[in-house]
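Reading through the structure tokens given below for one structure.
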Amino acid sequence: MFKSRRYICILLTVLLSFSLFGCGRKAKTADAYSMKKKEESIFVSADKTNTAIYFDNTKKEKLKKISATDMLTLYFNEEKKSISVYDSGSGKLWRGLPSKYRQEETGLASLTVLSSGNEYELFPTRSTVEYTEKGLKITLDFAAEAEGGTEIAYSLPVEITDNGGMLSVTADCSRITETGKNKNTVIKSIGILPFFGAFDGSSKDDYLVIPDGCGALIYPSQSKGKSYKTEIYGSDPSLKEKNESSSVLPVFGLKQGSGAIAAVITDGDAVATVKAETAGEKGGFNRIYPCFDITPVAENEDGSYLVSEKKYEGIINISYRFLSKDSADYMGIAGACRELLIRYSELTAGNIDEGSDYPFNLSIIGTAPVTDADGKEKLTTLTDYSQCLDIIESLKAKDINRINLRYKGLLDGGTLQKDIENASLSDKSGISELSDYALKTDVTVFTDVKLFSAGADSGFADYAVNLSSDPSQFTKTVLTENSYELAAAKAIAYKTKAMLSQMRKNSFEGICLSDGADILYSDFSSGEAMLRNETAQLIENQMGALAATKTLMAEKGNIYAVKYASVITDMPSSAFYNGEGVSEIPLAAAILHGIADYSFSPINTEKNSTRALLKCAEYGAVPSYEWYGTDLGNEEGGDSYYYMNSVAQAQSTYMRMKEAFSDLRTERITDHKAISKNVHMTSFGSGTKIYVNYGKKPVTVSGVTVEAESFIRVN
């Protein structure tokens with residue numbers, strides 16, 4: 001996590017009692033209060049009217065120079081109270097507020113406020129400016145009159161600095177002050193620089209870079225009047241919301257004309273959402289910006305709001321880099337974000353063993369729930385140690401030598417694992433033979449462990465609760481769909497110790513944390529509410545402790561866990577991909593390649609395994625398979641999880657990928673282009689190019705023929 005997360009302050013707030021959840025459970029309370037929802041969002045402009053926000057600017061803009069370096073010059077518009085940045089590389093002036101925007105103080109921040117059940121979007125009505133050596137400090141005053149004459153008034157300090165050729169924007173949420181009679185009013189979220197770099201007209205080469213999944217481009221020329229949002233690290237299950245779009249990295253950007261902007265959320269990322277909009281036929285702007293959830297709010301089934309008494313009081317910070325020439329594209333944005341993440345110690349180079357063979361990522365399902373012919377579900381051992389050893393030996397015989405083996409369902413409860421404090425190895429017979437063989441043959445076995453989640457009714461002594469006081473639950477699919485409970489965040493450190501104690505009882509070299517890098521939640525347990533940023537800090541601390549004793553694998557790969565992991569599995573894909581004017585890109589792959597080995601969903605579980613393999617090649621990902629060793633008697637060839645049905649395909653896949661990528665694992669991805677609709681090219685640091693053809697016909701590119709549904713390496 002980023003630096004501000006070290007300063008965690010747990011506030012004791014007014015407690016409201018809620019009903020019991022489940023038989024025999026003690027009552028839990030949540031630090032929250034109810035607010036009846038009344039209307040849709042209300043836009044409150046700076047002059048407290050809803051007049052049109054566009055106008056034709058015929059006056060020359062007056063910009064005051066604040067600071068200047070060889071790379072950029074920071075300006076301030078004292079009339080509009082808005083910044084502009086001149087990038088000397090591209091010769092482009094990036095405005096904090098478009099020149100066609102109404103002369104209101106809307107360029108620095110916005111507040112979304114709940115008041116008596118109504119939601120208001122506020123922009124500053126007044127600003128107080130203090131100039132510093134490298135920037136400026138601005139106090140933004142927000143005011144409006146809400147329903148019933150309630151006065152809404154807040155003050156927010158924002159600091160903007162030229163940080164060595166990089167723009168840094170900071171807001172300290174602990175310094176937000178209430179300056180009015182804010183009865184039954186709360187700040188829901190803060191948007192920072194909501195119009196920075198915004199533009200109305202667009203060419204076909206202009207786009208917004210949103211970190212959805214592995215990354216996506218939004219083309220305003222094709223996507224008209226649309227809005228998108230991607231929650232950093234996914235939805236918060238304690239708020240009972242589910243947004244399909246989530247990001248493992250706190251980054252975003254845009255390209256317009258000759259320049260591009262790369263942005264990294266360096267503080268407040270655990271409570272951040274990246275929002276994007278495109279201009280419509282009736283106006284608007286193409287823009288992308290971060291929004292930070294200050295107060296957790298859930299909506300009840302009856303339409304009322306449930307509002308947390310505790311709010312985020314940490315630092316918000318976004319660092320912006322400005323790109324020009326050949327770097328002014330999404331790969332340049334990825335490279336700039338990578339450098340910033342390494343600078344802030346969120347990524348650590350050198351996790352990959354350069355001397356090791358090209359890896360094969362394999363998940364083995366041990367014990368899992370299976371539905372029998374009578375429709376009854378029961379835990380069944382699908383792969384015991386002997387069968388697992390047979391699978392490994394079979395792969396070795398096919399020259400698949402370097403294997404990262406994630407062994408699921410080893411602990412009590414199988415894939416429906418019990419609370420880690422009560423979950424020991426369910427079967428110890430044969431473990432020594434498998435462990436000894438693995439250590440001798442370059443196989444790393446990762447025991448799959450859930451650190452703070454467990455099967456429903458697992459008997460948590462302390463469990464997390466959401467804003468409605470019910471135990472937080474989330475659903476995953478492992479053969480069948482099952483609910484899991486979450487432990488109280490305060491217990492994460494204790495549960496890590498319990499897990500380490502359990503892991504000392506087996507000699508497997510690695511641990512796969514299947515929940516710690518995949519889900520992030522607030523916890524409203526009795527009297528000790530903890531927000532997502534605090535939970536993230538706890539998880540990061542425990543990942544460091546685990547990495548000191550075991551080799552780590554992380555599912556999905558939220559960045560606060562990634563820097564300790566050598567292998568990332570199940571990297572997400574874009575939820576927006578295939579939408580009008582949206583294309584998927586290897587943004588996360590370009591940032592992570594050479595730092596950790598990563599893979600996407602298992603190839604054998606995908607509907608189109610050929611396309612899944614081609615995506616691995618295009619994104620530089622390690623091929624992944626998921627199997628079990630028991631033939632469940634399904635129709636021949638119809639069970640994609642039974643290893644005999646795809647082991648030959650796995651060998652062919654691995655050999656093709658090893659030949660093309662074995663010497664590229666530690667190199668950076670330096671370029672990526674869509675040559676045509678079906679042909680993509682990825683370049684690596686050595687100059688090697690990988691051409692991928694998703695089409696049904698051969699294609700010749702630069703004198704090289706790429707066969708249909710295939711890829712080729714060109715040095």
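Computed from a predicted model, the values in this text were never measured in an experiment.
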Roughly how far, to the nearest 0.5 Å, is [atom2] of [Y] from [atom1] of [X]?
| X | Y | atom1 | atom2 | answer |
| --- | --- | --- | --- | --- |
| Glu277 | Ser223 | CD | OG | 11.0 Å |
| Phe684 | Thr670 | CZ | OG1 | 8.0 Å |
| Ile591 | Glu346 | CD1 | CD | 12.5 Å |
| Ser110 | Phe142 | OG | CZ | 7.0 Å |
| Ser327 | Lys325 | OG | NZ | 9.5 Å |
| Tyr560 | Ile232 | OH | CD1 | 11.5 Å |

Taking all non-hydrogen atoms of both residues, which atom of [X] and which atom of [Y] are closest, and how far apart?
| X | Y | value |
| --- | --- | --- |
| Ile568 | Gly557 | CG2-CA, 3.9 Å |
| Ile585 | Tyr330 | CD1-CD1, 3.8 Å |
| Ala260 | Trp94 | N-CZ2, 3.5 Å |
| Gly332 | Asp329 | N-OD1, 2.8 Å |
| Val251 | Val274 | O-CG2, 4.4 Å |

Side-chain contact, heavy-atom cut-off 4.5 Å: [X] with [Y]?
| X | Y | result |
| --- | --- | --- |
| Val699 | Tyr691 | no |
| Leu193 | Ile83 | yes |
| Leu340 | Arg321 | yes |
| Val209 | Phe252 | no |
| Tyr312 | Phe292 | no |
| Asn77 | Ser84 | no |
| Tyr289 | Ile192 | no |
| Leu592 | Met571 | yes |

If the condition is side chain to side chain contact (heavy atoms under 4.5 Å, CB included), which residues does [X] pass it with, not counting sequence neighbours?
| X | answer |
| --- | --- |
| Lys229 | Asn243, Thr273, Lys275 |
| Ser624 | Asn361, Ser599, Pro602 |
| Ser324 | Asp87, Ser90 |
| Ala590 | Met331, Ala334, Ile669 |

Partner residues of [X] under the salt bridge (Lys or Arg N to Asp or Glu O under 4.0 Å) criterion, sequence neighbours left out:
| X | answer |
| --- | --- |
| Asp570 | Arg406 |
| Asp205 | none |
| Lys255 | none |
| Glu707 | none |

Please answer whether the main-chain N or O of [Y] pairs with a side-chain N or O of [X] as donor and acceptor at a distance below 3.5 Å.
| X | Y | answer |
| --- | --- | --- |
| Arg287 | Pro194 | yes |
| Asn604 | Ser640 | yes |
| Thr535 | Ser522 | no |
| Arg338 | His593 | yes |
| Asn533 | Ala270 | no |
| Thr278 | Gly225 | yes |
| Asn286 | Pro220 | no |
| Ser247 | Leu249 | yes |

- [ ] Test Leu467 against Leu239 for side-chain contact (heavy atoms from CB on, under 4.5 Å), laying out the working first.
- [x] CA-CA 6 Å; Leu467 274 178; Leu239 305 183; 3.6 Å; yes
Any side-chain donor paired with an acceptor under 3.5 Å for [X] and [Y]?
| X | Y | answer |
| --- | --- | --- |
| Ser238 | Arg532 | no |
| Asn317 | Thr170 | yes |
| Ser583 | Tyr207 | no |
| Asp206 | Ser221 | no |

Task: Set of residues satisfying side-chain hydrogen bond (donor to acceptor under 3.5 Å, both in side chains) with respect to Asp597, sequence neighbours excluded - done: Arg665
Open item on the list: According to side-chain hydrogen bond (donor to acceptor under 3.5 Å, both in side chains), who are the partners of Thr230, at least two apart in sequence or on a separate chain?
Closed with: Ser245
TODO: Begin from the C-alpha positions of Ser574 and Asp212 and carry the test side-chain hydrogen bond (donor to acceptor under 3.5 Å, both in side chains) through to its verdict.
DONE: CA-CA 5 Å; Ser574 169; Asp212 168 48; 2.4 Å; yes
- [ ] Can you label the angle between the Phe195 ring and the Phe123 ring as parallel, tilted or perpendicular, going by 30° and 60°?
- [x] tilted
- [ ] Anything under 30° is parallel, anything over 60° is perpendicular, the rest tilted; go ahead and classify Tyr320 against Phe196.
- [x] perpendicular
Identify each donor-acceptor pair in which a side-chain atom of residues 608-617 lies under 3.5 Å from a protein atom, sequence neighbours left out, and give them as a table.
unit_1: Asn608; atom_1: OD1; unit_2: Thr610; atom_2: N; d: 3.2
unit_1: Asn608; atom_1: OD1; unit_2: Arg611; atom_2: N; d: 3.0
unit_1: Ser609; atom_1: OG; unit_2: Gln649; atom_2: NE2; d: 3.0
unit_1: Lys615; atom_1: NZ; unit_2: Ser573; atom_2: OG; d: 2.6
unit_1: Lys615; atom_1: NZ; unit_2: Glu584; atom_2: OE2; d: 3.3

Open item on the list: Enumerate the side chain to side chain donor-acceptor pair (under 3.5 Å) contacts for residues 694-704, please, sequence neighbours excluded, ordered by first and then second residue.
Closed with: Glu618-Tyr694, Lys696-Glu709, Thr700-Thr705
Open item on the list: Apply side-chain contact (heavy atoms from CB on, under 4.5 Å) to residues Val158 and Leu108 and explain how you reach the verdict.
Closed with: CA-CA 8 Å; Val158 176; Leu108 295 175; 5.6 Å; no
Task: side-chain contact (heavy atoms from CB on, under 4.5 Å) evaluation trace for Glu119 with Leu114 - done: CA-CA 5 Å; Glu119 186 173 297; Leu114 287 179; 3.9 Å; yes
Open item on the list: side-chain contact (heavy atoms from CB on, under 4.5 Å), that's the test. Do Asp518 and Asn558 meet it? Break it down for me.
Closed with: CA-CA 6 Å; Asp518 182 29; Asn558 290 341; 5.7 Å; no
